[in-house]
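Atoms within a ligand are numbered from 1 in the order they appear, just like the ligands themselves. No hydrogens, no waters, no symmetry mates; every other heavy atom, side chains included, goes into these values.
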Amino acid sequence: MTDDALRLAIIGCGAVAKRHLLALAELRDRGLGGIAVTALCDTRDAAARGLAREAEARLGARPVIYTDHRELLRRGAIDAVDICLPHGLHHGTAIAWLETGVHVLCEKPLGITIRAGRRMAEVADRTGRVLATAVPYRRLIGQRTARWILRESGLIGAPLTFFHQYTRAPRSQPAGPAVPSAPTWRRERLMSGGGPVMDSGFHYCDSIRYLLGDVEKVYAELREVGAGSPRTLAETREDTAFVTLTFKNGVVGMWSWSMAAPGAPLGNVVFYGSEGSLHDTSQPGPSIFHLFWRNPGSGLIESGEVTRRDGTTRALEDLERLYLDRLGEEERETLFPRGTMDGFAIEIWDFAEAIRGRRAKPEVDGWEGLQALAICEAAYESAYTGEAVRVDAILSGERRAYQQRIDEHWDLG
Ligand SMILES: NC(=O)c1ccc[n+]([C@@H]2O[C@H](COP(=O)([O-])OP(=O)(O)OC[C@H]3O[C@@H](n4cnc5c(N)ncnc54)[C@H](O)[C@@H]3O)[C@@H](O)[C@H]2O)c1
């Protein structure tokens with residue numbers, strides 16, 4: 001396949017699809033061409049039209065619009081699709097396209113359950129098509145450097161524990177005229193698969209595994225407290241989480257957060273090793289879901305600090321430079337093509353390069369995406385059953401009390 005032959009269709013033209021367009025423009029601006037958005041699909045015609053206008057403005061060509069992806073599928077002439085749909089629609093859509101020989105980049109979480117995600121990965125293997133899970137955050141310089149600090153540099157010795165905490169008050173509805181309501185699918189478990197642990201939490205689960213290795217077991221208490229009295233996962237969707245993660249290498253840590261904590265906000269993301277700590281000091285507070293991250297559009301870099309046992313400190317900014325200097329030219333070009341630091345652009349480029357056969361597979365393929373999903377599902381299973389849950393038992397399907405009703409709904413039972 002030649003560089004300029006990749007015809008991409010974006011399916012689902014909501015919030016994240018707009019971000020993908022910006023990433024495609026970033027690639028084009030850096031001379032990383034060869035990806036043309038030739039079609040857009042959304043059941044909401046207005047959403048597709050709006051994105052088509054933006055695509056024309058940013059990329060110079062207006063994609064053809066569809067309101068039913070099956071019609072697009074029948075027409076052919078697409079090499080790859082970028083699935084930006086609600087979670088329950090990921091597996092059916094991805095599998096339909098993989099089966100017709102089209103490569104798939106699928107937004108996180110890979111599938112709505114382990115069965116859904118596993119089928120996607122299996123079909124990709126059988127058809128020989130590329131399946132990539134869209135996770136931009138591990139590709140950012142802050143997380144790449146944090147991994148180097150934790151796993152290779154020796155700066156904080158052997159990683160042992162972490163404390164990741166965040167709270168904020170519930171967001172109130174803005175005063176004034178009614179605003180259009182946010183998409184409701186996130187509140188429906190059969191379409192979302194879960195709340196923030198599954199949604200932005202998928203990023204955290206991918207990153208924490210990227211930073212520290214495979215998780216052995218999970219114990220979680222998930223609650224909704226925003227309504228004024230605690231409700232459990234059996235009744236509702238979490239706005240508050242206490243998740244203990246025990247890793248196969250013995251590291252243990254706590255991921256805890258609440259989006260319904262009136263009063264004093266709290267933000268603390270720190271890793272401890274035998275010789276010191278690595279602290280995310282981003283202001284106004286670290287992101288509990290997207291570690292060592294600041295909005296790439298803001299031009300600001302991540303902020304963090306290593307503190308050694310003897311009290312000496314190193315700024316993450318300096319360590320990022322050191323990390324970059326240590327990379328060979330080829331690796332640097334693979335991780336940050338033409339110097340881009342935009343995780344979304346890098347994930348799309350990685351996908352395109354895998355399709356072109358220039359790398360064996362995308363960094364986060366279906367199987368890798370399934371691993372992060374299994375950590376999310378282990379947290380739900382634990383909160384649902386009140387027991388600690390082994391991630392391997394989630395991956396094998398041995399434990400799926402929480403997922404069962406969702407699987408049945410999508411005919412995956
Ligand atoms: N990587 C990130 O940082 C990030 C950020 C936000 C969302 N996401 C992920 O992106 C995906 C979409 O999230 P979003 O926030 O853009 O949601 P959204 O609700 O803004 O957009 C989803 C779009 O899909 C459309 N749609 C629904 N059913 C459809 C169908 N059958 N065919 C075609 N279109 C259909 C909707 O009309 C809507 O425009 C989710 O998987 C989400 O988790 C990722």
Side-chain angles (χ1 to χ4, degrees), residues 9-24 39-52 54-55 63-73 78 81-97 104-113 116-117 120 131-140 143 180-207 237 287-291 293-297 342-348 350-351 363-364 369 372-373 376 410:
I10 301 178
I11 306 180
C13 300
V16 86
K18 291 194 181 72
R19 185 63 188 82
H20 286 206
L21 266 193
L22 294 182
L24 286 156
L40 296 176
C41 174
D42 200 297
T43 42
R44 293 184 302 132
D45 191 49
R49 278 180 198 288
L51 200 68
E54 205 158 333
V64 181
I65 288 172
Y66 293 83
T67 49
D68 184 338
H69 85 100
R70 289 164 302 188
E71 193 197 334
L72 171 59
L73 204 147
I78 293 293
V81 293
D82 177 6
I83 297 179
C84 297
L85 292 170
H87 305 165
L89 305 178
H90 287 187
H91 65 281
T93 312
I95 288 169
W97 284 93
V104 172
L105 170 65
C106 186
E107 259 304 338
K108 44 57 53 173
L110 177 68
I112 190 166
T113 60
M120 292 164 72
L131 170 63
T133 312
V135 277
Y137 297 102
R138 65 151 75 182
R139 302 168 194 273
L140 298 178
Q143 286 200 20
S181 64
T184 53
W185 63 265
R186 283 190 161 83
R187 297 205 67 80
E188 294 161 12
R189 186 175 296 171
L190 295 176
M191 187 55 96
S192 64
V197 165
M198 177 79 147
D199 199 335
S200 294
F202 184 92
H203 291 304
Y204 179 87
C205 291
D206 177 66
S207 296
R237 159 191 201 268
S287 165
I288 198 72
F289 297 118
H290 321 96
L291 307 175
W293 170 71
R294 284 211 195 165
N295 187 346
D342 176 348
F344 287 91
I346 299 167
E347 82 187 3
I348 293 172
D350 181 39
F351 172 61
E363 178 174 337
V364 187
L373 180 62
C376 305
W410 292 104

First locate atom [atom1] of [X], then atom [atom2] of [Y], and finally report the distance between them rounded to the nearest 0.5 Å.
X: Thr133; Y: Phe351; atom1: OG1; atom2: CZ; value: 11.0 Å
X: Trp293; Y: Gln143; atom1: CH2; atom2: CD; value: 11.0 Å
X: Leu85; Y: Trp185; atom1: CG; atom2: CH2; value: 9.0 Å
X: Ile65; Y: Cys41; atom1: CD1; atom2: SG; value: 10.0 Å
X: Asp350; Y: Glu363; atom1: CG; atom2: CD; value: 6.0 Å
X: Cys84; Y: Ile11; atom1: SG; atom2: CD1; value: 9.0 Å

Identity and separation of the nearest protein heavy atom to [atom]:
atom: atom 44 (C) of ligand 1; value: Glu107 OE1, 3.1 Å
atom: atom 16 (O) of ligand 1; value: Val16 N, 2.9 Å
atom: atom 19 (O) of ligand 1; value: Trp185 NE1, 2.8 Å
atom: atom 32 (N) of ligand 1; value: Thr43 CG2, 3.6 Å
atom: atom 11 (C) of ligand 1; value: Leu85 O, 3.4 Å
atom: atom 38 (C) of ligand 1; value: Asp42 OD2, 3.4 Å
atom: atom 41 (O) of ligand 1; value: Lys108 O, 2.8 Å
atom: atom 13 (O) of ligand 1; value: Arg186 NH2, 3.5 Å

State the atoms of ligand 1, each with its element, that fall below the 4.0 Å cut-off from a heavy-atom position in [X].
X: His87; result: 40 (C), 41 (O), 42 (C), 43 (O)
X: His203; result: 1 (N), 2 (C), 3 (O)
X: Ala15; result: 15 (O), 16 (O), 20 (O)
X: Cys84; result: 11 (C), 12 (C), 22 (C)
X: Asp199; result: 43 (O)
X: His90; result: 41 (O)
X: Gly14; result: 16 (O), 20 (O), 21 (O), 23 (C), 39 (O)
X: Leu89; result: 28 (N), 29 (C), 31 (N)

Under 3.5 Å, side chain of [X] to main-chain N/O of [Y], donor-acceptor pair present?
X: Arg139; Y: Val135; answer: yes
X: His87; Y: Ile112; answer: no
X: Trp410; Y: Met191; answer: no
X: Asp42; Y: Ala47; answer: no

Please confirm whether [X] comes under 4.0 Å of ligand 1, counting heavy atoms of the residue only.
X: Tyr137; value: yes
X: His69; value: no
X: Arg19; value: no

- Query: So which of Val81, Asp82, Ile83, Ile10 actually passes side chain to side chain contact (heavy atoms under 4.5 Å, CB included) with Leu105?
  - Reply: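 Only match with Leu105 under side chain to side chain contact (heavy atoms under 4.5 Å, CB included): Asp82.
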
Ignoring hydrogens and angles, write down the donor-acceptor pairs under 3.5 Å from the side chains of residues 195-204, residues two or more places apart or on other chains.
residue, atom, partner, partner atom, Å
Asp199, OD1, Lys108, NZ, 2.7
Asp199, OD2, Arg186, NE, 2.6
Tyr204, OH, His164, ND1, 2.8

- Taking non-hydrogen atoms only, is Phe202 closer than 4.0 angstrom to ligand 1 via side chain, backbone, both or neither?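 Phe202 to ligand 1: no contact under 4.0 Å from either part.
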
